Student: 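One structure, as structure tokens, below. Some questions next.
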Amino acid sequence: MGGNGLEAIVFDVDGTLVDSERDGHRVAFNRAFEEAGLPDRWDVELYGELLEITGGDRRIKAYFERRGMPAGESAELAGRLHPRKTEIFAAMARNGDFEPRPGVAELIQELEDSGVRLAVATTGTGAWVHPMLENLFGAGRFEVVVTADEAPVRKPDPSAHLLAVEKLGLTAAAAPAIEDSLNGLQAAKAAGLACVIVVNDYTREQDFKAADLVLDGFGGPDAEAVVLSDPRSLDPPGRLDVATLRRLASLPQPIA
């Protein structure tokens with residue numbers, strides 16, 4: 001499919017707009033375990049391994065099954081623990097416990113100033129996604145927000161991206177995605193979107209050979225982004241900017 005020009009950007013949230021996994025979700029899981037009287041705690045390294053499993057309820061279930069718990073019992077436990085974990089994390093989001101990743105606020109402002117529409121495609125739950133976005137970026141900054149409430153099948157399934165593009169009323173070629181993980185990359189590509197990866201500490205070793213651009217951060221005047229992979233020769237200027245995204249949207253996308 002040929003490029004239509006840049007009209008929108010579809011952002012992931014966890015790990016992309018906000019580095020919220022290690023000191024956010026992990027902490028909320030551990031608090032839920034503690035409240036339930038469980039001795040289990042997920043340290044930074046273990047949580048990084050568990051992130052290979054998308055969806056917090058599935059993550060809990062898989063963890064306890066690995067420890068020998070029968071599948072039915074682990075499913076029941078996950079069904080009790082995950083809603084409470086979500087409540088804890090949503091409270092953290094409302095309380096302003098998180099900051100945008102460096103360079104994110106500047107990119108969003110530049111996109112808005114350039115008339116580029118903003119969307120979110122995440123399989124996080126709306127109970128925390130909406131307060132987090134409003135707290136960090138202001139109410140209504142994102143024209144379209146697709147969460148697990150509307151697209152419950154987790155990435156790498158493309159349903160969240162497909163729904164975001166549908167709600168925008170655009171073709172996939174006009175709305176590149178920005179993600180941080182292999183699951184996000186695969187979801188975006190399956191939906192026909194070009195995809196820029198901005199890695200974090202948990203994802204930098206993943207296989208991003210299918211990405212259109214891979215950076216170690218969003219970049220800015222205080223810390224330039226290092227280009228980890230640039231197969232489309234986009235040549236970003238030390239940060240992810242609108243001009244780079246326009247070049248990406250102008251290119252034909254390889255057929256998956």
Side-chain angles (χ1 to χ4, degrees), residues 1 7-18 20-21 24-25 28-29 50-62 75 78-79 81-83 85-87 89-90 93 98 104 108 111 116-137 139-198 200 202-203 206 208 210-212 253 256:
M1 180 183 291
E7 296 189 48
I9 291 292
V10 181
F11 287 95
D12 176 50
V13 179
D14 267 332
T16 302
L17 290 175
V18 184
S20 52
E21 291 288 7
H25 288 286
F29 279 114
L50 291 169
L51 279 175
E52 295 178 6
I53 304 164
T54 55
D57 51 347
R58 295 174 63 225
R59 201 169 295 148
I60 294 171
K61 183 175 183 295
L81 288 175
H82 190 249
K85 174 265 169 183
T86 299
E87 291 176 352
F89 189 81
F98 307 105
V104 165
I108 287 175
L111 289 165
V116 180
R117 299 157 70 190
L118 304 176
V120 157
T122 177
T123 45
T125 56
W128 64 260
V129 171
H130 292 290
M132 178 181 285
L133 293 176
E134 292 178 11
N135 190 297
L136 294 181
F137 305 108
R141 291 290 291 280
F142 294 88
E143 179 181 341
V144 168
V145 178
V146 175
T147 72
D149 301 354
E150 300 84 27
V153 183
R154 308 293 185 181
K155 298 174 184 177
D157 185 271
S159 55
H161 289 93
L162 290 169
L163 184 56
V165 171
E166 178 184 336
K167 286 177 174 288
L168 287 165
L170 298 174
T171 64
I178 301 178
E179 291 275 348
D180 71 295
S181 70
L182 178 58
N183 281 327
L185 170 63
Q186 291 174 336
K189 287 294 187 176
L193 280 64
C195 187
V196 175
I197 292 291
V198 183
N200 57 53
Y202 275 135
T203 65
Q206 294 179 3
F208 294 123
D212 297 285
Q253 286 302 302

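What you see is a predicted model; the values in this text were computed from it and never measured.
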Student: Who are the side-chain contact (heavy atoms from CB on, under 4.5 Å) partners of Glu52, not counting sequence neighbours?
Tutor: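 Scan of Glu52 (side-chain contact (heavy atoms from CB on, under 4.5 Å), adjacent residues dropped) gives none.
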Student: Which value, rounded to the nearest 0.5 Å, describes the distance between Arg58 atom CZ and Leu50 atom CG?
Tutor: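 Separation between the atoms: 12.0 Å.
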Student: Got a donor-acceptor contact below 3.5 angstrom from the Asp212 side chain to the Cys195 backbone?
Tutor: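 At least one qualifying donor-acceptor pair exists.
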Student: Hey, what do you get for CD (Glu21) to CG (Leu51), rounding to the nearest 0.5 Å?
Tutor: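 Here the interatomic distance stands at 4.5 Å.
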Student: With sequence neighbours excluded, give me every salt bridge (charged side-chain N to carboxylate O under 4.0 Å, His left out) pair touching residues 122-132.
Tutor: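 Output for this query is empty, none listed.
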Student: May I have the step-by-step check of side chain to side chain contact (heavy atoms under 4.5 Å, CB included) for Val146 and Val10, ending in yes or no?
Tutor: CA-CA 10 Å; Val146 175; Val10 181; over 6 Å; no
Student: Suppose we screen for side-chain contact (heavy atoms from CB on, under 4.5 Å). Which residues come up paired with Gln186, at least two apart in sequence or across chains?
Tutor: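 Scan of Gln186 (side-chain contact (heavy atoms from CB on, under 4.5 Å), adjacent residues dropped) gives Pro156, Leu182, Asn183.
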Student: Going by side-chain hydrogen bond (donor to acceptor under 3.5 Å, both in side chains), name the residues that satisfy it together with Thr86, two or more places apart in sequence or in a different chain.
Tutor: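 Result, side-chain hydrogen bond (donor to acceptor under 3.5 Å, both in side chains) vs Thr86: none returned.
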Student: Can you pull out every salt bridge (charged side-chain N to carboxylate O under 4.0 Å, His left out) where at least one residue sits in residues 158-181? Sequence neighbours excluded, please.
Tutor: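 For residues 158-181, and leaving out neighbouring residues, the salt bridge (charged side-chain N to carboxylate O under 4.0 Å, His left out) pairs sorted by first residue read Lys155-Glu179.
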Student: Side chain to side chain contact (heavy atoms under 4.5 Å, CB included) for Leu111 and Phe11? Distances and angles first, verdict last.
Tutor: CA-CA 12 Å; Leu111 289 165; Phe11 287 95; 3.8 Å; yes
Student: Excluding sequence neighbours, so at least two apart, what forms side-chain hydrogen bond (donor to acceptor under 3.5 Å, both in side chains) with Glu134?
Tutor: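 For Glu134, no residue satisfies side-chain hydrogen bond (donor to acceptor under 3.5 Å, both in side chains) once neighbours in sequence are set aside.
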Student: Is the closest side-chain heavy-atom distance between Leu133 and Val120 below 4.5 Å?
Tutor: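 Sidechains of Val120 and Leu133: in contact.
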Student: What pairs of residues pass the ring pair (Phe, Tyr, Trp, His ring centres under 6.0 Å) test when at least one of them lies in residues 156-181, not counting sequence neighbours?
Tutor: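 Counting only pairs at least two positions apart or across chains, no ring pair (Phe, Tyr, Trp, His ring centres under 6.0 Å) contact touches residues 156-181.
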Student: Taking all heavy atoms of Asp12 and all of Asp14, pick out the closest pair and write down the distance.
Tutor: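 Smallest heavy-atom distance, with atoms named: OD2-O, 2.9 Å.
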Student: Name all residues meeting the side-chain contact (heavy atoms from CB on, under 4.5 Å) criterion together with Arg141; count only those two or more places apart in sequence or in a different chain, and write none if there are none.
Tutor: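 For Arg141 the side-chain contact (heavy atoms from CB on, under 4.5 Å) partners, ignoring immediate neighbours, are Ile108, Gln109, Glu112, Phe137.
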Student: Which residues satisfy the side-chain contact (heavy atoms from CB on, under 4.5 Å) test with Ala8, sequence neighbours excluded?
Tutor: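 For Ala8, the residues satisfying side-chain contact (heavy atoms from CB on, under 4.5 Å) (neighbours in sequence not counted) are Arg117, Leu168, Leu170, Ala175.
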Student: Tell me, with the steps shown, if Leu136 and Leu17 meet side chain to side chain contact (heavy atoms under 4.5 Å, CB included).
Tutor: CA-CA 10 Å; Leu136 294 181; Leu17 290 175; over 6 Å; no
Student: Do Phe89 and Ser20 have side chains that approach each other closer than 4.5 Å (heavy atoms only, starting at C-beta)?
Tutor: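 Yes; the side chains approach each other to less than 4.5 Å.
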Student: As an exercise, state the distance from OG1 of Thr171 to CG of Leu193, rounded to the nearest 0.5 Å.
Tutor: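 Separation between the atoms: 9.0 Å.
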Student: Which atoms form the tightest heavy-atom contact between Pro83 and Gly79, and what is the distance?
Tutor: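 Scanning both residues completely, I find the closest heavy atoms to be CD-O, 3.1 Å.
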Student: Going by salt bridge (Lys or Arg N to Asp or Glu O under 4.0 Å), name the residues that satisfy it together with Asp57, two or more places apart in sequence or in a different chain.
Tutor: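 Salt bridge (Lys or Arg N to Asp or Glu O under 4.0 Å) list for Asp57, sorted by chain: Arg154.
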Student: Heavy atoms only: give me the nearest Ala190-Pro158 pair and the separation to one decimal.
Tutor: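 In terms of heavy atoms, the two residues are closest at CB-CB, 3.8 Å.
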Student: Identify every side-chain donor-acceptor pair in residues 125-132 under 3.5 Å, counting partners at least two apart or on other chains, and give the distances.
Tutor:
| from | atom 1 | to | atom 2 | distance (Å) |
| --- | --- | --- | --- | --- |
| Thr125 | OG1 | Trp128 | NE1 | 3.3 |

Student: So which heavy atom on Thr203 is nearest to which on Phe208, and how close?
Tutor: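 Nearest heavy atoms, Thr203 then Phe208: O-CE1, 3.2 Å.
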Student: For a quick test of reading the model, state the closest non-hydrogen atom pair linking Val165 to Ala172 and the distance between them.
Tutor: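 Minimum heavy-atom separation between Val165 and Ala172: CG1-N, 3.8 Å.
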Student: Start with the C-alpha distance between Arg59 and His82, add both sets of side-chain angles, then the distance that settles side chain to side chain contact (heavy atoms under 4.5 Å, CB included), and finish with yes or no.
Tutor: CA-CA 9 Å; Arg59 201 169 295 148; His82 190 249; over 6 Å; no
